[in-house]
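Numbered from 1 within each chain, the chains take letters A, B, ... in sequence-line order.
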Amino acid sequence: MKELPKAYSSQEYEDFIYQTWETLGLFTPEVNTGKKPFSISMPPPNATGTLHLGHATMLAIEDIMIRYKRMCGYSVLWLPGTDHASIATQNKVEKIIAEEGLTRHDLGRKKFLDRVHKFVADSQSIIRNQVRKMGASCDWSRERYTLDEGLSEAVTEAFIKMYHDGVIYRGNRIVNWCPRCSSTLADDEVEYREEKAKFYYFKYGPVIIGTARPETKFLDKIIVVHPDDKRYKKYIGKEMEVEWIEGNITAKFIADNAADPEFGSGAMTITPAHSFVDFEIAKKHKLEIVQIIDEKGNLTSSAGEFAGKNAYEAREAIVEKLRKKGLVEKIDENYIHKLSVCYRCGSTIEPLVSKQWFIDVNKKVINEGKSKKSIKEKAVSVVKNGEIEIIPKRFNKTYFHWMENLRDWCISRQIWFGHRIPVYYCEKDNNGCGEIIISKDAPKKCPKCGNVKLKQDPDTLDTWFSSGLWTFSTLGWPEKTDELKHFHPTSVMETGYDILFFWVARMIIMSTYHLNEIPFKTVYLHGLVRDKQGRKMSKSLGNGIDPLDMISKYGADAVRLSLIVGATPGNDIRLYEEKIAGFRNFVNKIWNASRFALMNLNEEDLKAEIDLKNLNSADKWILTRTQNLIKKITKDMETHKYSEAGNILYDFIWLEFCDWYLEMSKVKLNPGVLIYVLKTILKLLHPFIPFVTEVLWKNTGSKNMLIIEDWPEFKKEYIFRNEEKKINIIMDIITAIRSIRAEYKVDPTRKIEAVIYSEEHLEVLHEKKEILEKMAGLKDIQIQNKGKPISKSASKVIQGVEIFLPLDALIDLEKEKERLYKEIKSEEEIISFLEKKLDNQGFVRNAPKDVVKREMEKLEISLINLKKLEQKLKGL
RNA sequence: GGAGUCUUAGCUCAGUUGGUAGAGCGUUCGCUUGACGUGCGAAAGGCCACUGGUUCGAAUCCAGUAGGCUCCACCA
């Protein structure tokens, strides 16, 4: 009765629908209702910018999970938020103020941070809007930000607890230092870039040593060789005078497996302060560690006449000096090595020794029964024993490898933006005693000496320290809130595989340590979004797609589908505009299918129930197909096969519901069945395309909004296997007739006569006579159990059903003969294949019985088809 | 150096307990068929990368080869 517009225009509805859901509080769960909990912590987008396709993918997948579970009756929490992303955000703001000719030092800590906070606030409101545009049904009333008061408290609490447990310690260790950012970086924040460089060989006493970095070599006086290296065995343990950059020094030979006899000369000198490997060797052999390069990347006073110069710039001058001394053996110009660079700014990393805060990953601190496990062991075991499931499974291996090789985690950063380290020093310079005070709030005086001049540690914490707490800090920890009890561990962590280490691993560490509880039960990793050629989307390539553009052009529903269908966990997905347009068409198809249904149903019909006694075979067919669909989609949802589910729904709606059932309904319409199937489809689709389904749902006269409707239930009483088969035969017959018509170029408007013989399917053929006429363009169909072949006709045999189309003038006998020959040949091929198979005793013996039976049935039908085709050929 | 992953129609991809292959886009032909031209109908197009093995039977499982992509480690 209702008439909807001809095309669905997403722009007209989306914002309004979202607003309605939100203002009605439908995203906000009740906490203690006895309902089973389902929760997801939204991976916080960085507070630096705008939504990109990675976020859009994350939002689409998580919203599907959330909406599905909500419809299944769970108490569902999807908690949104943003991450302060210390280094990234600080860099961004530094770039902005650089355009004003300012540095952060010009502004000072406080003013600079004011700028950062303002910038963050702006980005956050942009992000919030974008998340809404995607249709994400997250609980905004519980939105969090990693620098919120509550979360900051959690960070401080976590730090203090770990400090008192001895898990956090302060020490001089070699770290990755970015001279540009003036900060340390964690091991996994370092990237490698291949670069061609010079490799220098120098004479060093009796040996030749090789190096790519001559500028670090000033104080090298330890020569390391492999213990089994015959060339150098005689020197091991010996000391000798050698001439070097700044005159003679005393060098000593030591043996260590770290020296590779195959590489270079097999002998190396070491620079413990600026190389991870060398540092380890030095610690092992208790060697002196002296800094050569400072925090700005300049040479220290240890470099003699080169002191104060930039290390890289000084390199050639140093080599020149060695050359003058005749110490340069040779220089290899084509040395390819991998340069370590900062993942945020791309500057070359300078490994150096520095006093930093670390998390000890090997200390046994987590109680497990009577024994204790280290952070690292615990994080490995919760995945190994299946408490946490990673999807896809193959990432387990990567996870274990990473975790097992984890070194102590450096958590201090020399960045202003972030959580301050809750440590205060009683400064010796200010008449203090040097006491280190760990405290939640700034202490007034030193508890040991009473000095009031205290200074807080200037550093901030690694941004992943706070994100590691995300699953529980957002639920109120360290308070024991109802939310924490109800929703933690969270159900699913869904994120890109690129941050498995950065973030997922850290959350596992933090949660198992602080709560002795896993942070989530399932980790679902999605892939990266690429362009049609499989390239990464980037600004420089100009191949990026802005999700918001696509939403305004094609609608959020189409964008969501295009990110879901074809995407399997852990695999990258390609996205391009034609694909989105295709799904826009699908959304419009659903719109029009509903439009048709609603045009043909009045108010009464909308409330109609299915009357099992009043169903024709087409109704039974669609009901059966719908039950199949419910079963299949539900299973796919439970097993996270969203792409598969999307595909199945697409095919069902377009190919079965629209192309066949609705067309059949034009002959005879059953309101109860139609409204049931339509409503079921809308429900099944809702998690995928929430907007259009909600708009349509409203038009079906339902009381509740679709978002909180119950997920469809599989009903055995709606399964009719016989009718399912019968209608399939009707469909095959119609398709066959259409095919012949196209082949003979019969005018589409012309109704033609037909003669059909079938013993087995006589009943359904009579019942569906009108449908056959309408859908195949027929008139005056003669249906008989058997009869003579009609000469001068085009014919076809489908499942033993003989079809004759007496087309008189249009029939070219030769052509028809040829057509029949072709069909006979293909039928014979099938028969010979099947006979061969069934003659094979191995097959009959070993194959499952139903497979053998199916093949026998196929053979039987083909034999009948062949016989009838041959008869027809004779009758021509 | 180690690991993972992919290779199916011109393009992008499905194909889960192994039973001689499917979709969308594109192409060709036709169509105002009582919702939809963002549509309808029909069709063309594939030794499922290569070589072996397991099996009655392999696109599907195993091994190897070639090519693409990704991650990890890192060498003075």
Side-chain angles (χ1 to χ4, degrees), chain A residues 3-4 6-8 188 192 199 209-213 216-217 220 224 258-260 262-271 275-278 281 337-338 340 392 394-395 397-398 401-402 405 497-498 500-501 527-528 530 532-535 554 558 565-568 570-576 578-579 581-600 639 641 643-644 647-648 650-651 654-655 658-659 662-663 666 734-735 738-743 745-749 774-777 830 833 837 840-848 851-852 854-855:
Chain A
E3 180 134 358
L4 297 171
K6 253 182 137 173
Y8 172 63
D188 44 69
Y192 294 89
F199 193 77
I209 59 155
T211 182
R213 300 203 58 191
T216 64
K217 296 275 151 200
D220 284 11
V224 183
D260 177 3
E262 304 291 317
F263 189 85
S265 63
M268 64 176 177
T269 60
I270 56 168
T271 313
S275 153
F276 282 85
V277 177
D278 295 2
I281 297 172
H337 78 144
K338 285 201 175 162
S340 51
R394 67 185 137 91
F395 280 95
K397 210 171 171 176
T398 339
H401 183 257
W402 186 83
N405 290 299
Y497 64 74
D498 50 332
L500 177 65
F501 306 134
L528 269 41
R530 295 171 178 280
K532 197 169 183 176
Q533 281 88 47
R535 299 174 305 179
Y554 299 107
V565 175
T568 45
N571 294 320
D572 294 349
I573 179 179
R574 301 189 185 196
L575 187 73
Y576 39 92
E578 303 97 284
K579 190 169 169 183
F583 285 111
R584 186 269 321 264
N585 295 354
F586 175 57
V587 168
N588 190 55
K589 186 76 181 172
I590 296 163
W591 177 264
N592 271 291
S594 310
R595 178 171 183 256
F596 171 78
L598 296 170
M599 277 166 74
N600 286 287
T639 50
K641 289 178 182 163
S643 172
E644 170 86 353
N647 266 320
I648 300 280
Y650 185 100
D651 286 349
W654 208 311
L655 304 178
C658 291
D659 289 352
L662 290 186
E663 291 304 320
K666 286 175 183 172
I734 291 170
T735 304
R738 284 170 173 172
S739 174
I740 292 172
R741 291 180 62 119
E743 210 174 322
K745 302 205 189 309
V746 179
D747 179 349
T749 56
K774 187 163 172 64
M775 295 185 72
I830 294 169
F833 169 75
K837 201 168 183 180
N840 182 341
Q841 285 310 301
F843 173 73
V844 180
R845 205 171 38 237
N846 297 323
V851 173
V852 178
R854 204 164 63 220
E855 300 297 273

At under 4.0 Å, does any side-chain N or O of Ser739(A) touch on OP1 or OP2 of A43(B)?
yes
Can you tell me the distance, in whole Å, between the CG atom of Asp747(A) and the P atom of C29(B)?
18 Å
What's Gln841(A) touching, base or sugar-phosphate or nothing? Going by heavy atoms closer than 4.0 Å.
nothing
Of the listed nucleotides (G34(B), U16(B), G4(B)), which one gets closest to any side-chain atom of Glu644(A)?
U16(B)
Could you tell me the Watson-Crick or G-U partner of U20(B), where both distances fall under 3.5 Å? Say none if there is no partner.
none
Provide the Watson-Crick or G-U wobble partner of U60(B), both distances under 3.5 Å; none if there is no partner.
none
In whole Å, what separates the C1' atom of G57(B) from that of A66(B)?
28 Å
Whole angstroms only, please: what is the CH2-P distance between Trp654(A) and C25(B)?
7 Å
Looking only at atom P, what distance separates U55(B) and C74(B), rounded to whole Å?
45 Å
Length of the CH2-P vector between Trp591(A) and C36(B), whole Å:
14 Å
Interatomic spacing from CD1 in Ile209(A) to OG1 in Thr269(A) - rounded to 0.5 Å:
3.5 Å
Between C72(B), U5(B), C40(B), which one does the side chain of His401(A) approach most closely?
C72(B)
Taking any strand in view, what nucleotide pairs with C75(B) in a Watson-Crick or G-U wobble way, both distances under 3.5 Å?
none
Checking all strands, does Thr269(A) fall into the base, sugar-phosphate, or nothing category for heavy-atom contacts under 4.0 angstrom?
sugar-phosphate
Judged by atom type as modelled, is there a donor-acceptor pair below 3.5 Å linking the side chain of Asn592(A) to the main-chain atoms of Ala7(A)?
no
To the nearest 0.5 Å, what is the distance between CD1 on Ile734(A) and CD on Glu663(A)?
10.0 Å
What's Tyr192(A) touching, base or sugar-phosphate or nothing? Going by heavy atoms closer than 4.0 Å.
base
If each of Ile573(A) and Ala212(A) is mapped to the nucleotide of RNA chain B with the nearest heavy atom, which maps nearer the 5' terminus, i.e. the 5' end?
Ile573(A)
When you measure from the side chain of Asn840(A), which nucleotide among C56(B), U5(B), G30(B) comes out closest?
C56(B)
Using a cut-off of less than 4.0 Å, is there contact between a side-chain N or O of Asn585(A) and OP1 or OP2 of G39(B)?
yes
Nearest of A3(B), A35(B), G34(B) to any side-chain atom of Lys774(A)?
G34(B)
How long is the line joining CZ of Phe501(A) and C1' of A73(B), in whole Å?
12 Å
Could you give the OH-to-C1' distance, from Tyr650(A) to G24(B), as a whole number of Å?
6 Å
Lys666(A) side, atom NZ; Lys774(A) side, atom NZ - distance, nearest 0.5 Å
6.5 Å
When you measure from the side-chain N and O atoms of Arg741(A) to the phosphate of A42(B), is any distance below 4.0 Å, counting only OP1 and OP2?
no
Between Lys745(A) and Gly566(A), name the one whose nearest nucleotide on RNA chain B is closer to the 5' end.
Gly566(A)
So does Gly777(A) get a backbone contact from the side chain of Arg738(A), meaning a donor-acceptor N/O pair under 3.5 Å?
no
What's the closest nucleotide to the Ala593(A) side chain, out of A35(B), A14(B), C75(B)?
A35(B)
Regarding Asn588(A) and Tyr554(A), is there a side-chain donor-to-acceptor distance under 3.5 Å anywhere?
no
Report yes or no: does Ser594(A) contribute a side-chain atom to a donor-acceptor pair with the main-chain N or O of Ile590(A) at less than 3.5 Å?
yes
If the P atom of U8(B) is compared with that of C13(B), how far apart are they to the nearest Å?
9 Å
Looking for any heavy atom pair under 4.0 Å, which part of the strands does Val844(A) touch: base, sugar-phosphate only, or nothing?
nothing
What does Lys532(A) touch in the nucleic acid at a heavy-atom separation under 4.0 angstrom: a base, only the sugar-phosphate, or nothing?
sugar-phosphate
Tyr650(A) and Phe583(A) aromatic ring geometry - parallel, tilted or perpendicular at 30°/60° bounds
perpendicular
Which part of the nucleic acid, if any, lies within reach of Gly527(A) when heavy atoms closer than 4.0 Å are counted: base, sugar-phosphate only, or nothing?
nothing
Say we look at G4(B) and A44(B): how far apart would their C1' atoms be, to the nearest angstrom?
39 Å
Contact class for Gly210(A) vs. all strands (heavy atom < 4.0 Å): base, sugar-phosphate, or nothing?
base
U27(B) to U33(B) separation - C1' atoms, rounded to the nearest Å:
24 Å
What integer number of Å spans the P atoms of U60(B) and U20(B)?
14 Å
Find the partner of A3(B): check Watson-Crick (N1-N3 plus N6-O4 or O6-N4) and G-U wobble (N1-O2, O6-N3) distances, both under 3.5 Å, and reply none if neither fits.
U70(B)
Just checking Asp260(A): base, sugar-phosphate only, or nothing, at a heavy-atom cut-off of under 4.0 Å?
base
Base paired to G39(B) (Watson-Crick or G-U; both N/O distances under 3.5 angstrom):
C31(B)
Regarding Lys338(A) and the six-membered ring of Tyr192(A), is the cationic atom NZ or CZ under 6.0 Å from the ring centre and inside 45° of its axis?
no
Pair partner, U65(B) [Watson-Crick or wobble, under 3.5 Å]:
A49(B)
From the list G19(B), C31(B), G39(B), which nucleotide is the closest neighbour of the side chain of Ala847(A)?
G19(B)
Base, sugar-phosphate or nothing for Thr735(A)? Non-hydrogen atoms, less than 4.0 Å.
sugar-phosphate
Could you check whether the side chain of Lys641(A) and the base of U16(B) have a donor-acceptor pair of N or O atoms closer than 3.5 Å, going by distance alone?
yes
Taking atom P of C72(B) as reference, at what distance in whole Å does atom NZ of Lys338(A) sit?
10 Å
Rounded to whole Å, how long is the line connecting atom CZ of Phe833(A) with atom P of G57(B)?
12 Å
Hey, does the side chain of Asn846(A) come within less than 4.0 Å of C56(B)'s phosphate (OP1/OP2), counting only N and O?
yes
Side chain of Tyr576(A): nearest nucleotide among G24(B), A35(B), C75(B)?
G24(B)
Within the modelled atom types, does a donor on one side and an acceptor on the other bring the side chain of Arg584(A) and the base of U38(B) under 3.5 Å apart?
yes
Looking across every strand, which nucleic acid part, if any, lies under 4.0 Å from Lys579(A) by heavy atom: base, sugar-phosphate, or nothing?
nothing
Using a cut-off of 4.0 Å on non-hydrogen atoms, how would the nucleic acid contact of Asp659(A) be classed: base, sugar-phosphate, or nothing?
sugar-phosphate
Base, sugar-phosphate, or nothing: which does Arg535(A) touch, judged by heavy atoms less than 4.0 Å apart?
nothing
Arg595(A) side chain to Leu4(A) main-chain N or O, any donor-acceptor pair under 3.5 Å?
yes
Length of the CZ-C1' vector between Phe395(A) and U5(B), whole Å
9 Å
Pairwise P distance for U65(B) and G22(B), with rounding to whole Å:
34 Å
Name the closest nucleotide to the Val851(A) side chain, picking from G19(B), A42(B), A35(B).
G19(B)
Distance test, side-chain N/O of Lys6(A) to OP1/OP2 of C36(B), below 4.0 Å:
yes
Quote, to the nearest angstrom, the P distance that separates U12(B) from G26(B).
15 Å
